Amino acid sequence: MKKNLLANLVLTALLVTFISFMYSCSNTDSTPVTPSGPAANTINGTVTFADTNFGAVSVGYYDIAAFTSWPPSGPPASNDSLVISKVNGKYQATYKIKSVGVGVDSAKYVIAIGWRRRTGGASPTMGIYGCDTMHYIPPTYTCPLSPSKVTIRNNAGVDGVNVLSWADTTKRIF
């Protein structure tokens, strides 16, 4: 009887050791691995509004767009509508313009914020990346006509493309 009890104890100990070993080898890490940096072929940033005279949502919406030529001679390469919220006392919107630069080694874009009417009509440009919110053009101020460009290289996304924009459509800059 002592031999059976000893054999059962040894067998139980071996079984517990084997199960513990197998459990410790399992992958219980449920934290997903996220890539660092911006998504491929995107332009990302924040729009900060210099004033608070926003257009009515029933009439239109604010949009940010990437243009391959400037002044624009057609639709943007890509765009994103803006969701505006108050952050630390300022009206801002974070954005992600997707699918820019797809299939090209290098592409340059002018980033512009506009007010888009829902039923047609003029769509003024309220902000342009690299330009401030000046709405007059002195002889030395050429930014609205030749603004800074954002470059997508090798399909890599770009972060930190922050723009200062007017909300009031009467203060348009282009």
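These numbers come from a predicted model, not from an experiment. Sequential numbering from 1 along the given sequence is applied to the chain's residues.
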>> Tell me whether Asn154 contacts the main-chain N or O of Ala156 through its side chain, where contact means a donor paired with an acceptor under 3.5 Å.
In response: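 No; judged by distance alone, with no hydrogens or angles, the pair does not exist.
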> Checking Thr42 side chain against Gly157 main chain: does a donor-acceptor pair fall under 3.5 Å?
Replying inline: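 Looks like no, no N/O pair under 3.5 Å.
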At what distance, to the nearest 0.5 angstrom, does [atom1] of [X] lie from [atom2] of [Y]?
| X | Y | atom1 | atom2 | result |
| --- | --- | --- | --- | --- |
| Thr68 | Lys108 | OG1 | NZ | 13.0 Å |
| Asn44 | Lys98 | CG | NZ | 10.0 Å |
| Ser148 | Trp70 | OG | CH2 | 12.0 Å |
| Thr169 | Met126 | OG1 | CE | 5.5 Å |

> Please walk me through it: do Thr48 and Gln92 pass side-chain hydrogen bond (donor to acceptor under 3.5 Å, both in side chains)?
Replying inline: CA-CA 4 Å; Thr48 302; Gln92 297 181 327; 3.2 Å; yes
Membership question, hydrophobic clusters at under 4.5 Å side-chain separation (ILVMFWY): are [Y] and [X] in the same one?
| X | Y | answer |
| --- | --- | --- |
| Val87 | Val83 | no |
| Tyr61 | Ile84 | no |
| Ile97 | Leu164 | no |

> Taking the side chain as C-beta and beyond, is there a heavy-atom pair between Thr151 and Val158 under 4.5 Å?
Replying inline: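 No, side chains not in contact.
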>> Pair Ile111, Ile128 - check side-chain contact (heavy atoms from CB on, under 4.5 Å), show working.
In response: CA-CA 6 Å; Ile111 306 302; Ile128 302 172; over 6 Å; no
>> Quick check on the 6.0 Å ring-centre criterion: do Phe49 and Tyr62 meet it?
In response: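 Yes.
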>> For Ile113 and Leu82: C-alpha separation, side-chain torsions, deciding distance, then whether side-chain contact (heavy atoms from CB on, under 4.5 Å) applies.
In response: CA-CA 9 Å; Ile113 293 86; Leu82 298 175; 4.1 Å; yes
>> Around atom CZ of Arg117, are there more than 12 heavy atoms from other residues, nucleotides or ligands closer than 6.0 Å?
In response: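 For Arg117, atom CZ is not crowded (no more than 12 foreign heavy atoms under 6.0 Å).
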> Run the side-chain contact (heavy atoms from CB on, under 4.5 Å) check on Tyr95 and Ile43 step by step: do they pass?
Replying inline: CA-CA 8 Å; Tyr95 71 89; Ile43 299 173; 4.0 Å; yes
